[in-house]
Number of protein chains: 2
Amino acid sequence: MNLITRNTDYAIRALIYMAGAAPELVSATDLVRDLGLPRPFIRKILQELQKAGFLYSIKGKNGGFQLAVAPEKLRLVDLILLFQGPVSMGDCLLRKKICACTQTCPLRLELKKIEAMAVAHLQNVTVAFLMKG
Amino acid sequence: MNLITRNTDYAIRALIYMAGAAPELVSATDLVRDLGLPRPFIRKILQELQKAGFLYSIKGKNGGFQLAVAPEKLRLVDLILLFQGPVSMGDCLLRKKICACTQTCPLRLELKKIEAMAVAHLQNVTVAFLMKG
DNA sequence: TAAAATGATACTATAATGGTATCATTCTGT
DNA sequence: ACAGAATGATACCATTATAGTATCATTTTA
Ligand code: FES
Ligand code: FES
């Protein structure tokens, strides 16, 4: 069980790379060369990041991407949201129709606590933070 | 992204039910009737719980299962371990061969912190605890 | 001895993840 | 003008994990 999936992971690497390269444009080609990521996959990821407003893109020859958000404001939790959906570790699995007891079920309560801790922690993890390490 | 999967979830429900029914034996038939779980699936789960030493089983007509461990010692984290493998949210996804930087990578460090918090919390969640709620 | 239970094991279906592949469009340098 | 290098949009495919089913053998009791 992994907290982040590959697209999220690759997105982070790409964003850190771009933050370091700023204000230069970074192309998919650059990322493939320097980070060794599979080209079509990282292309798709970049397009999703652009659509979501995290990247500014310039088309055509010598084009590429730039961060559209300051590294301090680029939170891991938002990337997870984009690529994996909302962080919710405590959904009831018993029935599709949500259990009447969801609010009181002690198991869900505990799982929700863990979820809350995780999200709180993730709020502090930004691209800027990860660059320091 | 869910912290626990269905087999873990069903296992917990079954164990709570058994704890409540003790010292009576509980059969798969009972669980299907009272908890509405799919029969072949819960059967498999019960067999895994028995193999792992969480249940004591009696074969033959009027047979069934009993807890082999006190409810206070039956921890959710151990069930997760059994059905989902070790809780490890921060494995490096970049390469199969573990990154040289795993120990210093700031991203892994943060994910491992979250993992540690989650595990610590899960240690306190036992079948006995869940019965109170 | 039939019925009801578990033990063991193999198989299947669905969904999520992790990608590829293609074509259209845009921009730049020559 | 135009070739080449880049992104945009979209459809498709492969692998893995999850969530189950199905079957037959064995044990026990009424
Ligand atoms: S059984 Fe649905 S929330 Fe507890
Ligand atoms: S890149 Fe492998 S641990 Fe950070």
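The structure presented is a predicted model; accordingly, all values stated were derived computationally and were not measured.
- With sequence neighbours excluded, the residues that form a salt bridge (charged side-chain N to carboxylate O under 4.0 Å, His left out) with B:Asp9 are A:Arg108, B:Arg13.
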| request: Determine, for nucleotides 13-24 of chain D in 5'-to-3' order, which nucleotides have protein heavy atoms under 4.0 Å from the base (write B), from only the sugar-phosphate (write S), or from neither (write -). | output: ------SBB-B-

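- Residues that satisfy the salt bridge (charged side-chain N to carboxylate O under 4.0 Å, His left out) test with A:Lys113, not counting sequence neighbours, are A:Glu110.
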Taking only nitrogen or oxygen atoms into account, show me every contact under 3.5 Å that the protein makes with nucleotides 26-30 of chain C, one pair per line with its distance.
from: C:dT26; atom 1: O2; to: A:Gly60; atom 2: N; distance (Å): 3.3
from: C:dC27; atom 1: O2; to: A:Lys61; atom 2: N; distance (Å): 3.1

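- Note on the helix from C:dT1-D:dA30 to C:dT30-D:dA1: angle between the axes of the first and last five pairs equals 10°, rounded to 10 degrees.
- Across the protein-nucleic acid pair, A:Leu31 atom CG and C:dG19 atom P stand 15 Å apart, rounded to whole Å.
- D:dA5 atom P lies 13 Å from atom CG of A:Asp30, rounded to whole Å.
- At whole-Å resolution of the value, CG in A:Leu25 and P in D:dA5 are 17 Å apart.
- For the side chain to side chain contact (heavy atoms under 4.5 Å, CB included) test, residues two or more places apart in sequence or in another chain that qualify with A:Asp91 are A:Ser88, A:Lys112, B:Asn2.
- Between A:Ile42 atom CD1 and C:dT20 atom P the separation is 12 Å, expressed in whole Å.
- Side-chain atoms of A:Pro71 and A:Phe129, non-hydrogen and from C-beta on, never get closer than 4.5 Å to each other.
- Looking at B:Leu15 and B:Leu79, their side chains come closer than 4.5 Å, going by heavy atoms from C-beta outward.
- The interatomic distance linking A:Leu37 (CG) with C:dT20 (C1') rounds to 15 Å, in whole Å.
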